[in-house]
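The block underneath contains the structure these notes are about, expressed in structure tokens.
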There are 2 protein chains.
Amino acid sequence: MNQNTSDPPSRRPTLSQVAKAAGVSEITASRALRGGSAVAKTTRQKVERAAQALNYVPNRLAGTLAGGASRQVAVILPSLSNIVFADVLKGLENRLEDDGYHPILGISHYDATREEHLLHDLLSWRPAGLVLAPTSGSAATRALLQAAELPVVEVMDTDPDAADMAVGFSHRAAGRAMAHYLIGRGYRRMAYIGHDIATDFRALARLDGFKDGLTDAGLSLSDTLILDGPSSVPLGREGLARLLDRTTQWPEAVFFSNDDMAVGGVFHCQTAGLSLPHDIALAGFNGLSIGQALPTPLTTIASNRERIGFVAADLILRRLKGERPPRITQIDFRLVPGSTA
Amino acid sequence: MNQNTSDPPSRRPTLSQVAKAAGVSEITASRALRGGSAVAKTTRQKVERAAQALNYVPNRLAGTLAGGASRQVAVILPSLSNIVFADVLKGLENRLEDDGYHPILGISHYDATREEHLLHDLLSWRPAGLVLAPTSGSAATRALLQAAELPVVEVMDTDPDAADMAVGFSHRAAGRAMAHYLIGRGYRRMAYIGHDIATDFRALARLDGFKDGLTDAGLSLSDTLILDGPSSVPLGREGLARLLDRTTQWPEAVFFSNDDMAVGGVFHCQTAGLSLPHDIALAGFNGLSIGQALPTPLTTIASNRERIGFVAADLILRRLKGERPPRITQIDFRLVPGSTA
DNA sequence: CCAAGTTATGACAGCGCTGTCAATATCGTT
DNA sequence: AACGATATTGACAGCGCTGTCATAACTTGG
């Protein structure tokens, strides 16, 4: 807390130093650098030159505190192990960057307590907006959001009633769509293989929707296998092996919690010499490129994660410009018939 | 710019309001909430209760500006399409979160100009540290880093001389190791299939190392195919198809720029009815789980991206605590013999 | 019971920047 | 040549918080 007279020892240059170097007042320098306001062309050039020369980097903490909007957007995702959320983040970052905004990231690990903690932490940076793929519908979380008075976008799902805005699609509807598709293909005995469902409630919603779809046709799930741990190719492979191993009456079709799992299932079939979809049919969810590159392209449902992220960022930005964008934006999923079911 | 007397209309509660509610001075409230300093137990409780009641969320912009350290770490990665960088980010976030730090993210898209711009932008938030997977060795970038006077960790590579600290491994050595392994297995005619190498200079370093390894044994690359665009499974599949199509004298082994590409190669072989590694041998890089779950586990080199991220964060944090951690930290790669080569 | 040493609290200034409003310079017009 | 309109610049205060130093309250021991 020193430095008011004379040159500071070696600190980063401040606006005041730039102003002095350019021979103008601080506020004029500020305006010159931010563009827009009325500043004579020659003055602006002087200031810009001075800033350049001093290697000036503005201090946005100060700027934001003094009245500006933050240009940081808090982002809370449940995981990064899954490429799905990396895709969302990519879309987000892409759109934000266009307007000079940046995401501050928090990973909740599908843990409601952690999510709440993160929220509190990130909010302390006074972000201009918040994007999250909620892990829980926790009341405490909801209260914090309400109080924060900033644009909030919940991504990936449109089922629960969002506090503010939402972008995504109905996972329940997606599950149901797959059930209908498989039924249409003539399958009747169907099983489900999923990962740690207690935490991933969107996967759970797909399962519920799938069951609904079966019910629509008077059917029900013949078998269900839930494995511990996050979804992965090896886990899906193990899952199918175990499911087929523990019963003599095989299902005709298996719906996996997502493509990673389903690709694992395909690999098991390749290893076990089972022909797809004749011996058994498999279906996934997400439409990852790897599933489509398989010798037997995976039957799946494509979701556009990157677009969801992009739109989420766009909604925040629009709101900050004073617009009133729609509360719910559907980014539709699309059933991709492959050769595995 | 109003609000000094009376109650502000509806703004977020400030420390001063908490203090008033608790009947103490602002600074005492500050100390009570931050813990540590000498504050009577009863006072602390009063303040905590008041904060709770008001739903107080501290303003770290103000806190940092007033003298604290930032607790934000700038992170610049070239891409998020590749799971590799998502892994690094995951490790980073994990370690940072433990100490209440958060990453501010920027994606350079393998573009030096963009990287520089991001650097400037992120630095304006006065982060406590910086982690980047450099895209270029740009002089301008280097200068900015030097001037910024904050802990900097360059991740993924230890080849170039880092400005400050570095965590990772030598991609050149990794490429060479694979060459030696394949030679040891008896292969002589070897080809390389890679993605957009102009931008991904770490992939390029692996290729160079691979060539070095061949040279060590008096061999040289029989064929090289570089495809446009980011690496992906479909691209690898297409690559191998094209390579085998354009020549009658097939290579005995193919080294791919990474596992995604190599898995695509495996899929092509499955489709084309080629037996691995008899008809042709394939090898990748990264040690992704998908490669290991294949019916024919992929021969590859495992890199520990998550750990690299974790260690990078740890280095920053240690430096902030005043320690002097090592400048270069090797996180070794490991050759994983599979059944594809 | 008082001096010396702790422990707890507060006053003050200032971090680096921007919004507001006022002051000055510049210009065209009659 | 004087006047109002417009373009350009600056003074001031304050955003919400914390470091520094000073003061007040409380111990302890002789």
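Order of the sequence lines sets the chain letters (A, B, ...), proteins ahead of strands, with each chain counted from 1.
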### Message
What is the separation between atom CG on A:L65 and atom P on D:dC17, rounded to the nearest whole Å?
### Response
9 Å

### Query
Out of curiosity, A:L132 CG to A:E115 CD, how far, rounded to the nearest 0.5 Å?
5.5 Å

### Query
Looking for any heavy atom pair under 4.0 Å, which part of the strands does B:R34 touch: base, sugar-phosphate only, or nothing?
sugar-phosphate

### Task
Nearest whole angstrom, please: distance from the P of C:dC21 to the CD1 of A:I27.
14 Å

### Message
At less than 4.0 Å, is any side-chain N or O atom of A:T28 found next to OP1 or OP2 of D:dG10? Yes or no.
### Response
yes

### Task
Just call it for A:T64: base, sugar-phosphate, or nothing, with non-hydrogen atoms closer than 4.0 Å on any strand.
nothing

## Note on the structure
Which of D:dT9, C:dC17, D:dC17 is nearest the side chain of B:L15? It is D:dC17

### Message
Quick one: does any side-chain atom of A:E93 pair with a main-chain N or O of B:I107 as donor and acceptor, under 3.5 Å?
### Response
yes

### Message
Check this one for me: any side-chain N or O of B:S25 less than 4.0 Å away from OP1 or OP2 of C:dG10?
### Response
yes

### Query
So does A:Y56 get a side-chain nitrogen or oxygen closer than 4.0 Å to the phosphate oxygens (OP1/OP2) of C:dG16?
no

### Task
For B:R31 and for B:R60, locate the closest nucleotide of DNA chain D by heavy-atom distance; then report the residue assigned to the nucleotide nearer the 5' terminus.
B:R60

### Query
Can a salt bridge be assigned to the pair B:D121 and A:R71 using a cut-off of 4.0 Å between side-chain N and carboxylate O?
no

### Message
Measure CZ/A:R44 against C1'/D:dA7 and give the value in whole Å, please.
### Response
13 Å

### Query
Starting at the 5' end of DNA chain C, which residue's closest nucleotide do you reach first, B:R126 or B:E26?
B:E26

### Query
Under 4.0 Å between a side-chain N/O of A:S16 and OP1 or OP2 of C:dG16, yes or no?
no

### Query
So, are B:R114 and A:E97 salt-bridged, with charged N and O less than 4.0 Å apart?
yes

